[in-house]
There are 2 protein chains.
Amino acid sequence: MIDEETARERVVSTADRLFYAHGVQAVGMDAVRTEAGVSLKRIYALFPSKDDLVLAVLRHRTDLWDTGIADAVAGAATPCGKLLAIFDFLATWFREDSFRGCAFINVFGELGGGSETVAEAVREQKASFQRRVAELVREAGAPDHLAPQLALLAEGAQTTAAISGDPEAAGHARAAADTLIRCALADS
Amino acid sequence: MIDEETARERVVSTADRLFYAHGVQAVGMDAVRTEAGVSLKRIYALFPSKDDLVLAVLRHRTDLWDTGIADAVAGAATPCGKLLAIFDFLATWFREDSFRGCAFINVFGELGGGSETVAEAVREQKASFQRRVAELVREAGAPDHLAPQLALLAEGAQTTAAISGDPEAAGHARAAADTLIRCALADS
DNA sequence: CATTGCAGAGAACGCTCGTTCTCTGACCTT
DNA sequence: AAGGTCAGAGAACGAGCGTTCTCTGCAATG
């Protein structure tokens with residue numbers, strides 16, 4: 001029998017992959033069981049309901065996103081470079097075969113109207129990203145109003161890339177961000 | 001007994017409202033029947049399956065969006081004003097009580113992974129909007145690369161306003177658009 | 001070695017939903 | 001006025017899902 005932590009991780013990462021690819025409601029618990037190789041009894045011992053599993057998946061995605069952004073930002077030297085690095089991170093992500101848009105936006109569209117806990121988790125993830133951008137904007141010495149503008153570009157790039165299938169959305173967002181950053185720095 | 005066109009319109013607008021508020025899969029055909037006041041037999045005579053109804057709803061939304069944008073743009077005098085009018089239109093929309101994000105993005109997140117026809121309808125609506133923006137950019141005499149940047153801002157504003165619940169996303173997008181337009185005109 | 005307990009597989013249950021069918025009553029025709 | 005046609009209400013059906021239960025087999029303990 002496998003370790004509890006291993007089982008939990010297998011279930012969450014399997015559910016993440018399936019929910020992301022097909023939508024939450026389109027994936028049954030049986031499919032999670034089969035692909036994760038963990039019995040239903042075990043899954044329900046770890047996560048009392050499907051909603052709990054969804055929340056665990058969102059937490060998992062949040063961690064992945066946070067470390068991805070942190071790594072990308074850490075690779076840049078200047079504050080402006082750190083801001084632009086976010087869009088380079090997006091460009092890489094958009095080119096992955098499994099890319100199907102922002103999981104948080106997707107799940108918000110699917111379940112946000114019915115589950116307040118899911119809506120809250122999505123809201124918190126987006127707010128956290130905005131805080132992160134605001135921090136980098138301040139470090140760059142640019143005016144505060146730049147931060148929500150850059151965040152908007154990042155969000156728009158994710159949905160556009162998902163729907164059109166064109167990863168070049170990241171390039172457009174990066175170019176727009178570059179222009180906005182320059183203007184903001186020139187004004188201040 | 002009511003007219004066929006009236007029945008069709010009642011069903012589509014009811015389904016639109018319900019699907020938009022709660023998600024497609026969360027709304028049963030019984031709920032559409034009850035709220036529209038049209039019998040199931042009639043509904044299935046007009047739309048052979050729920051998928052067909054979803055597509056009809058998307059067409060309906062496309063029409064609403066197109067006329068909304070057209071009206072907003074028509075109210076502005078200069079080409080630049082027409083571009084900014086798009087964001088004023090968004091600002092008004094975001095303040096509606098029923099606002100819950102872009103219906104196309106929501107339905108894409110929920111069903112795009114499973115239904116190619118739905119994905120295609122969403123893709124086409126977004127592409128049509130991008131063409132519209134590109135047209136206005138050309139009329140304004142700005143370089144072509146501006147268009148996808150402005151479209152990104154509009155998309156990002158829609159998702160951000162939906163998730164955060166803050167209609168001010170439209171204001172941020174408008175300000176960013178204004179900056180980008182000025183820079184693009186100065187460069188050309 | 002016999003026994004107890006526990007984990008896994010998957011059958012079972014209750015519910016919901018998309019779709020179809022049936023019955024009833026009203027209207028139209030002659 | 002009688003008979004036929006058609007629309008509406010909602011029951012019915014079959015499938016799928018989340019969740020629980022049962023049975024089987026294995027492993028640990030005395």
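The sequence lines fix the lettering, A, B, ..., with proteins before strands; numbering per chain opens at 1.
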Can you check the A:Ile43 CD1 to D:dC17 P distance for me, whole Å?
14 Å
Just how far, in rounded Å, is P of D:dA7 from CG of B:Asp3?
13 Å
Which pairs of donor and acceptor atoms, one on a side chain in residues 129-136 of chain B, lie under 3.5 Å apart (sequence neighbours left out)?
unit_1: B:Arg131; atom_1: NH2; unit_2: B:Glu124; atom_2: OE2; d: 3.0

Check the distance between C:dC17's P and B:Leu40's CG and give it to me in whole angstrom.
13 Å
Nearest-angstrom distance from the residue atom NZ of A:Lys50 to P of C:dC15:
19 Å
Run the side-chain contact (heavy atoms from CB on, under 4.5 Å) test against A:His22 and tell me which residues pass, sequence neighbours left out.
A:Leu18, A:Ala26, A:Val27
With the threshold set at under 4.0 Å for non-hydrogen atoms, list the residues of residues 13-37 of chain B touching DNA chain D in residue-number order.
B:Arg33
Rounded interatomic separation in angstrom, taking CD from B:Glu4 and P from D:dA7
11 Å
Distance in angstrom units between A:Phe47 CZ and D:dG18 P, rounded:
15 Å
In whole Å, I'd like the distance from the CG atom of A:Leu53 to the P atom of D:dG18.
10 Å
Of the candidate nucleotides D:dG8, D:dG18, C:dT19, which contains the atom at the shortest distance from the side chain of A:Tyr44?
D:dG18
Could you label the plane-to-plane angle of the A:Phe99 and A:Phe94 rings as parallel, tilted or perpendicular, counting under 30° as parallel and over 60° as perpendicular?
tilted
Take atom NZ of A:Lys41 and atom P of C:dA9, then tell me their distance rounded to the nearest Å.
11 Å
Considering residues at least two apart in sequence or located in another chain, which fulfil the salt bridge (Lys or Arg N to Asp or Glu O under 4.0 Å) criterion with B:Asp178?
B:Arg182
By salt bridge (Lys or Arg N to Asp or Glu O under 4.0 Å) - contacts of A:Arg59 (at least two apart)
none
Qualifying ring-ring contact (aromatic ring centres under 6.0 Å, His included) pairs, either residue in residues 134-160 of chain B, two or more places apart:
none
